[in-house]
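Here is the structure we will look at.
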2 protein chains.
Amino acid sequence: MVTLKGIAKELGVSHTLVSRVISGRMGTTRVSESTRQAILKRAKELDFQPNRLAMALQEGRKGVVGLFLHRIGTPGSEMSHLFANIASNMLDEYGDRLMLRYFRNKDDFEKFCSPGIKNQVDGLIVGGVPHPEMASILADYDRSGLPVICAFHNVDILANLPNFQVDHSMQACLATKHLLEQGCRRLAHFYVMPGRQAGFLQAHEELGITPDPSLYIQAKQYHYEDGRECMQRLMDSGIQYDGIVTDSDGQAAGALNLWFQRTGRLSDWPRITGVDNSPIATSCLVPLTSVTSEVEETARAAVMALYDKRAGKEPQSALLTPKLVVRESSTRSQFD
Amino acid sequence: MVTLKGIAKELGVSHTLVSRVISGRMGTTRVSESTRQAILKRAKELDFQPNRLAMALQEGRKGVVGLFLHRIGTPGSEMSHLFANIASNMLDEYGDRLMLRYFRNKDDFEKFCSPGIKNQVDGLIVGGVPHPEMASILADYDRSGLPVICAFHNVDILANLPNFQVDHSMQACLATKHLLEQGCRRLAHFYVMPGRQAGFLQAHEELGITPDPSLYIQAKQYHYEDGRECMQRLMDSGIQYDGIVTDSDGQAAGALNLWFQRTGRLSDWPRITGVDNSPIATSCLVPLTSVTSEVEETARAAVMALYDKRAGKEPQSALLTPKLVVRESSTRSQFD
DNA sequence: CTGAAAGCGCTTACAG
DNA sequence: CTGAAAGCGCTTACAG
């Protein structure tokens, strides 16, 4: 194991000097160019990598960032994977290690949290939607000096922590507008949280079309089965509709599949949109028109915000802008 | 920030004693029960958590495990997510931090590897299938004293490192047998690596049925489009077939969807099986019969093996046993 | 131009 | 029964 001291001994200088040359932080020091070169050369030859534990210990850091992740998105959407992927690779580039914990519910989360966590990490990034009580625990940490950044949280339970996520309302608005522009006039809306309807309504308003509240159908979750169930209810109701705005790709896939199965037809399906632009969207019988959830950008923003905060800045929450991705589910072009 | 020294000062004892009481490693020491209780009580009150950096530094460890992950499985299968999820939560329970790096190709991987990595981690878990050269780099690390454990590697490029993965041949065998038992007699096989055919052939042999080599169709990858493409070729060939064993849920979904689209029929599809038992399998128009890839078990085995190795044991590679999960794609029960 | 010393928060022989 | 001391591998005033 190659250390500063080892290199110093080899070259007959002090480890102090080696440290300064390698870190580039010379302080009041001015080294002769020749020893500088000698040190750098030897360090490179030995692929010297400073022991980050020792560095962090000395500098009063932990060298560790806590990444607490709730499932984001519906199964098959790969959103959690994408988030962890981007975030962990970024933290790695900053030289920080990870305390990575996946939690499924409030109990898991509470198990992960204790005041002593400040002895373990330099900051916390929490992804996913916890209960309001969790938010207040996190806010306490933050106030006590442990920087906390959130991502994909439900804005109203945030307790003033910086949060990054896609603009949900705009997602619904983009999808709704698109379907209205395709000629739909009686759109159903599968939604999970009532708040999500703002975008659906806004799109109607902007185009001067009046939506029919009897076509608002509340879903339990964002999953495939939830889409099937909503579709079941919609078809059973007998109410006329000519398109559907759903809250996730999983829901849209479930809804479409139920329709195919009940009607036995592979054409003239109701125009429909998903959310997330996940792998689900491209592996449906009919590829799904969807809106992005900007997961990579969210991860990047959250990590940057954490380092900003550690550097003394006050990062601001942000809503990222979704993009519409048009595929056959809404255009009904014929099969190849 | 609460430290040993802080507690020691409060109680008027040495930090040495506090350390021994809290760690439970008393050595030659024998403490009075009353001071022991006092120390434990105060530590609990303050939620004292020892600084793991300092512990690791002292004990000559890094307190960090490298987790290098290639994508496992097809997009939408969530296998990478599952693997990272289980592995990271386990490592966390052992108190180790993570150096988590996702790599997409050989270049990424090489960027992540340097001899100096021994200064950063106590061990390496590598998931996914790298090139043979990567395997030999890893084997070098292992020989030089950095324990390396593999998961989901292609066995022939392993260079004697312990590896954990599901038994691919048995996966194909289970699926093939199941289809033969459903009455199929002319099975097509969509396969990626030639080696995977062993199970397909074994199943035929065990049931005394002769397969037709003109129904072996090689796929580029495990993805949805690959399944579509293989199905395209199969249908174009005009050769008779009555069932399909594919190499992934993505392939199976793609193949089925192409069939529905080309025939316009929603019944009498060719009986078909996938692999991975992923979310894709349950969000198809027809739920897919599949075989599990035992990702959780693989992750657990890999992590356990790493700790075994660090404890001086010699962990042995293992092939985990897949399970068949029967759904409609192979039974063709009617739609609800 | 360079080095000795102190210290980050622990652990573990060693000494009393 | 308990503590002083040394040391893990670094960094950073401070002194020459």
Side-chain angles (χ1 to χ4, degrees), chain A residues 1-40 43 46-64 95-97 116-122, chain B residues 1-40 43 46-64 95-97 116-122:
Chain A
M1 200 123 300
V2 35
T3 65
L4 284 185
K5 225 193 237 169
I7 296 181
K9 190 168 290 173
E10 275 194 42
L11 300 179
V13 296
S14 73
H15 67 279
T16 306
L17 194 58
V18 179
S19 165
R20 284 192 282 224
V21 166
I22 285 172
S23 71
R25 285 175 286 199
M26 301 302 290
T28 66
T29 310
R30 218 162 321 284
V31 205
S32 71
E33 190 55 22
S34 62
T35 35
R36 212 179 79 87
Q37 291 303 336
I39 289 171
L40 290 176
L46 297 171
D47 192 35
F48 169 71
Q49 308 219 6
N51 184 327
R52 310 199 77 99
L53 272 66
M55 281 176 64
L57 182 59
Q58 166 60 34
E59 292 169 6
R61 297 179 294 112
K62 299 287 172 278
V64 178
D96 273 321
R97 303 313 178 212
I117 198 159
K118 285 180 66 177
N119 251 6
Q120 310 291 354
V121 299
D122 298 317
Chain B
M1 198 124 298
V2 37
T3 66
L4 285 185
K5 226 193 239 170
I7 297 180
K9 189 167 293 176
E10 275 194 42
L11 300 177
V13 296
S14 72
H15 67 280
T16 307
L17 194 60
V18 178
S19 165
R20 285 192 282 225
V21 166
I22 284 172
S23 71
R25 285 175 287 200
M26 302 301 291
T28 65
T29 309
R30 217 161 320 285
V31 206
S32 72
E33 190 55 21
S34 62
T35 35
R36 212 180 78 86
Q37 291 303 338
I39 289 170
L40 290 175
L46 297 172
D47 192 36
F48 169 71
Q49 307 219 9
N51 184 328
R52 309 200 77 99
L53 272 67
M55 282 176 62
L57 181 61
Q58 166 60 33
E59 292 170 5
R61 296 179 294 111
K62 298 288 172 280
V64 179
D96 274 321
R97 302 314 177 211
I117 197 159
K118 285 181 65 176
N119 252 6
Q120 309 291 354
V121 299
D122 298 318

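To find a chain, count down the sequence lines: A is the first, B the second, and so on, and within it residues start at 1.
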Paired with D/dG3: which nucleotide, if any, by Watson-Crick or G-U wobble criteria at under 3.5 Å for both distances? C/dC14

Round to a whole Å and report the spacing from CD1 of A/I22 to C1' of D/dT12. 16 Å

Would you kindly compare B/G12 and B/A54 by the position of their nearest DNA chain D nucleotide and give the one closer to the 5′ end? B/G12

Listed nucleotide nearest any side-chain atom of B/N51, set D/dC10, C/dG9, C/dG3: C/dG9

Do A/T16 and C/dA4 have a side chain to base donor-acceptor pair shorter than 3.5 Å? yes

Nearest heavy-atom contact between A/Q120 and A/K62 is O-CB, 3.5 Å

Suppose we call a contact any N or O donor and acceptor under 3.5 Å apart; does that hold for the side chain of A/R52 and the base of D/dG9? no

Selected nucleotide, minimal atom distance to A/L57 side chain, candidates C/dT12, C/dG3, C/dG9: C/dG9

Counting side-chain heavy atoms from C-beta on, which of D/dC8, C/dT11, D/dC10 comes nearest to A/P50? D/dC10

Looking only at heavy atoms, what is the nearest atom pair of A/R61 and A/D96, with distance? NH1-OD1, 4.2 Å

To the side chain of B/H15, which of D/dC14, D/dC10, C/dC10 is closest? C/dC10

Which of the following nucleotides, C/dT11, C/dC8, C/dG3, is nearest to the side chain of B/L4? C/dT11

Which value, in whole Å, describes the distance between the P atoms of nucleotides D/dC1 and C/dC10? 26 Å

Verify whether one side chain among A/T16 and A/S19 offers a donor that lies under 3.5 Å from an acceptor in the other. no

Rounded to whole Å, CD of B/Q58 lies from P of C/dG7 at a distance of 18 Å

In whole Å, I'd like the distance from the CG atom of A/L53 to the C1' atom of C/dT11. 14 Å

State the CZ-NE2 distance between A/R20 and A/H15, to the nearest 0.5 angstrom. 9.5 Å

Kindly point out which of D/dC8, C/dT2, D/dG3 is positioned nearest to the side chain of B/L17? D/dG3

In whole angstrom, give the distance that lies between atom CG of A/L11 and atom C1' of C/dG3. 15 Å

A/N119 CG to C/dC10 C1', in whole Å, measures 12 Å

From D/dC1, C/dG7, C/dC10, nucleotide with atom closest to B/S32 side chain: D/dC1

Heavy atoms under 4.0 Å, any strand shown: does A/T3 hit a base, just sugar-phosphate, or nothing? sugar-phosphate

Return no unless some side-chain N or O of B/T35 is found under 4.0 Å from OP1 or OP2 of D/dT2. yes

What is the separation between atom CG on A/D122 and atom C1' on C/dC8, rounded to the nearest whole Å? 14 Å

Closest to side chain of B/R20, choosing from C/dT11, C/dA13, D/dT11: C/dA13

The residue among B/I39, B/N51, B/I22 that forms side chain to side chain contact (heavy atoms under 4.5 Å, CB included) with B/L4 is B/I22

Just the rounded figure in Å: distance from C1' of C/dG9 to CZ of B/F48. 8 Å

Is a side-chain donor or acceptor of B/N119 paired with a backbone partner of A/P50 at a separation under 3.5 angstrom? no

To the nearest angstrom, how far is B/K9 atom NZ from C/dC10 atom P? 13 Å

